[in-house]
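Here is the structure we will look at, set down as structure tokens.
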Protein chains: 2
Amino acid sequence: MATLADVARHAGVSTATASRIINGSSKPVADALRARVLAAVAELKYVPNAHAQMLARSHRSAVGVIVHDVSDPYFAEITRGLQRVAEADGRLAIICNSYRQPDRELEYIDLLHAHQVAAIVIAGSGYLDAATAARLDDRLQAFEATGGRIAVIGRHEHTGDAVMPDNEEGGFIAAAHLFDLGHEDIAVIAGPAALTTTADRLAGVRRAAKVYRRSLPKGRIFHADFTRDGGYAVTDLIQVKFPEVTAIAALNDSMAVGALASLRDGRRRVAVIGFDDMPIARDVTPSLTSVRLPLTELGERAMRLALGEAGAEPRVEHVAAELVRRESTWDR
Amino acid sequence: MATLADVARHAGVSTATASRIINGSSKPVADALRARVLAAVAELKYVPNAHAQMLARSHRSAVGVIVHDVSDPYFAEITRGLQRVAEADGRLAIICNSYRQPDRELEYIDLLHAHQVAAIVIAGSGYLDAATAARLDDRLQAFEATGGRIAVIGRHEHTGDAVMPDNEEGGFIAAAHLFDLGHEDIAVIAGPAALTTTADRLAGVRRAAKVYRRSLPKGRIFHADFTRDGGYAVTDLIQVKFPEVTAIAALNDSMAVGALASLRDGRRRVAVIGFDDMPIARDVTPSLTSVRLPLTELGERAMRLALGEAGAEPRVEHVAAELVRRESTWDR
DNA sequence: ACGGTCTAGGAAAGCGCTTACCTCAATGGG
DNA sequence: CCCATTGAGGTAAGCGCTTTCCTAGACCGT
């Protein structure tokens, strides 16, 4: 592995000069030397050691991103936005998947901290459990204490810069849409009970039930795991236990897609509304009515917050949810 | 930012001892000291500087991954496999999106090289252009020369460890399926002409045409960009220009989904076969017949190659493509 | 021609950590 | 009872780079 010293020796200059030439320092250097050094770099195929650079110049550049799972379209879209902005700013974004395990999130925070990232962006639902939330915030604060910046997407655990999709309002919109269409007997497929996103969206659904004076018994609320197969399994169950249900509100699109598949296989005609409006929502059949969250934008804004100046006041940007009507919901 | 020296001072020991305790070195240490050091770590919220560690111990651990675009389900699945194996091996996987730009691939190779990763995995189609391929291989060789390991997925540019999906055979399978069903007039939606994946799959389609003694005029082969919208636009065109076409072979699922949407909007009944068998293939309507590639497995195997012993002989694993019949293709 | 001012380039001090090597005290054997 | 041995802990030399400070030659004005 060629080092700067090798290059300098090869070109017959000091490491200081070599460094200055390679990094395009403002200090003027004779053209002859410059050419010799550059030639040496090419010949030795020299690639600077990023770790040594990080250590020597003490400024941080890379940014860390923690999401639940990039291969989930929801996070894939958010990540796309995150990356786009990071890249435009000339920064390496290190993406970590927690696979929905809080412990892994903690590990990754420390890992990113250890890697001296300039900022960490955490996307994806937080955890209702107070102890878990506290541990998380504790690590985050330790990171901030060393000058790191943090931005979260839709998380309550940490007070600081945040982009907050309005999950509660979205839940309201979803349920209200079903009620508006005249559905009385609805079932809800919520996400894991431990997640704040589930709680928030569910709160909106419950508020809608109250506003519309509809009853929404506990038994009509099911918890799945935010995956397509989870939605499928629960919908199978709903069809058997509650044949009178005419509409289902799934609290994310993946589960809604599963619900649609189950309904198709069971040859039942039940309205379904999803949440998030992932790209595939328009391509399933019937195309999926959903509550749209501008996922890519969420990512872009969060990264901009993370890369912006550290303000004294935490900046919290609220992002509205919006109904996208398609074929999977209809008048009763 | 607390340093090891701070911790050592705080605990009244040398940095050597502190380091040994923190890293669980095999050297025995008095329990009293251990406790003091650990207490200091907790109190100061010390997090070791990963860059300094990398520099001091000279072994590499992280691995780099370069894909076209993680938010594309094709790469999302591959990445999932890649990550799973990397994580199981206790390594950080740094994921980079080239967004299909060869130059960015080069940049990322250097960047990962600079970050002293132990291995680089490159997934996604390579480039037919000889000059581009040569530049790529050049960078890769420079990386290998420093002891780095490389594994590629479906790329021809670099000779070394590789996992090769059988794209040619897959193309054959797709076209043969259509011919078997009695379709004579077929159109092909290929990917960007500059990509090797496009060329390989197309070669298989052409071979099928030859074997089945069907003509496949140039005009029936369209190039789109492997995206859903690209497939949609091309299919709009096909419907207008070639109303006699009864079946379309799209050379990836995203474009096939777009084709399905266009056909639905145009109220035409045309058979469609995709390629890759992405998870959503079963949830579009009609559900998509496709040529299955075990994407997650592709990723897992590539990462295993990258992390395995460096063998003298390059190991090349071929992965078969397989027809998955669903509702989007039918007898003529 | 001489002192003073620039300027191009080099010497060397770290950045935060690991680890080979050294020290010193305690221990045991002869 | 003394010396060799062991073992716990410290000292310090880097890892590869950046950057401050310094040097020595070139250049200017008088």
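So you know, we letter chains A, B, ... as the sequences are listed, proteins then strands, and number each from 1. Because the structure is predicted, anything quoted here is derived from the model rather than measured.
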Query - Candidates A:N167, A:T197, A:D200 - the one meeting side-chain hydrogen bond (donor to acceptor under 3.5 Å, both in side chains) with A:S125 - result: A:T197
Query raised in the report: Atom CG of A:L55 to atom P of C:dA13: distance rounded to whole Å?
Result: 17 Å
**Report entry** Heavy-atom contact window of chain B on DNA chain D, given 5' to 3' at under 4.0 Å
**Finding:** D:dA8 to D:dG16
Requested in this report: Quick one: list whatever passes side chain to side chain contact (heavy atoms under 4.5 Å, CB included) with B:A302, sequence neighbours left out.
Outcome: B:L82, B:V121, B:I153, B:V163
**Report entry** Set of residues satisfying side chain to side chain contact (heavy atoms under 4.5 Å, CB included) with respect to B:A40, sequence neighbours excluded
**Finding:** B:V7, B:H10, B:A11
Output one line per pair: protein atom, nucleotide atom from nucleotides 18-21 of chain C, and distance, for all N/O pairs under 3.5 Å.
unit_1 : atom_1 : unit_2 : atom_2 : d
C:dT18 : OP1    : B:N23  : OD1    : 3.4
C:dT18 : OP1    : B:N23  : ND2    : 2.9
C:dT18 : OP1    : B:Q53  : NE2    : 3.0
C:dT18 : OP2    : B:S19  : OG     : 2.6
C:dT18 : OP2    : B:N23  : ND2    : 3.2
C:dC21 : N4     : B:K27  : NZ     : 3.3

Query - Test side chain to side chain contact (heavy atoms under 4.5 Å, CB included) applied to A:T296 - qualifying residues, sequence neighbours left out - result: A:E77, A:R80, A:R84, A:E300
Report summary line: A:F75 meets the ring-ring contact (aromatic ring centres under 6.0 Å, His included) criterion, sequence neighbours left out, with A:H68
Query raised in the report: Sequence neighbours excluded, which residues qualify as side chain to side chain contact (heavy atoms under 4.5 Å, CB included) partners of A:S14?
Result: A:A16, A:T17
Report summary line: Residue pairs meeting side chain to side chain donor-acceptor pair (under 3.5 Å), one or both in residues 23-39 of chain B, sequence neighbours left out, come to B:S19-B:N23
Report summary line: The correct set of residues in residues 33-41 of chain B placing a heavy atom under 4.0 Å from DNA chain D is B:L33
Requested in this report: Kindly write out the residues that satisfy ring-ring contact (aromatic ring centres under 6.0 Å, His included) with A:Y127, not counting sequence neighbours, or none if the list is empty.
Outcome: none
Query raised in the report: Applying side chain to side chain donor-acceptor pair (under 3.5 Å), which residue pairs with at least one partner in residues 142-154 of chain B are found, sequence neighbours left out?
Result: B:R60-B:T146, B:E144-B:H158, B:R149-B:D161
Query raised in the report: Taking only residues at least two apart or on different chains, which pairs with a member in residues 303-314 of chain B satisfy side chain to side chain donor-acceptor pair (under 3.5 Å)?
Result: none
Report task. With DNA chain D as reference, determine whether B:V29 or A:M1 sits nearer its 5' end, using the nearest nucleotide of each. Result -> B:V29
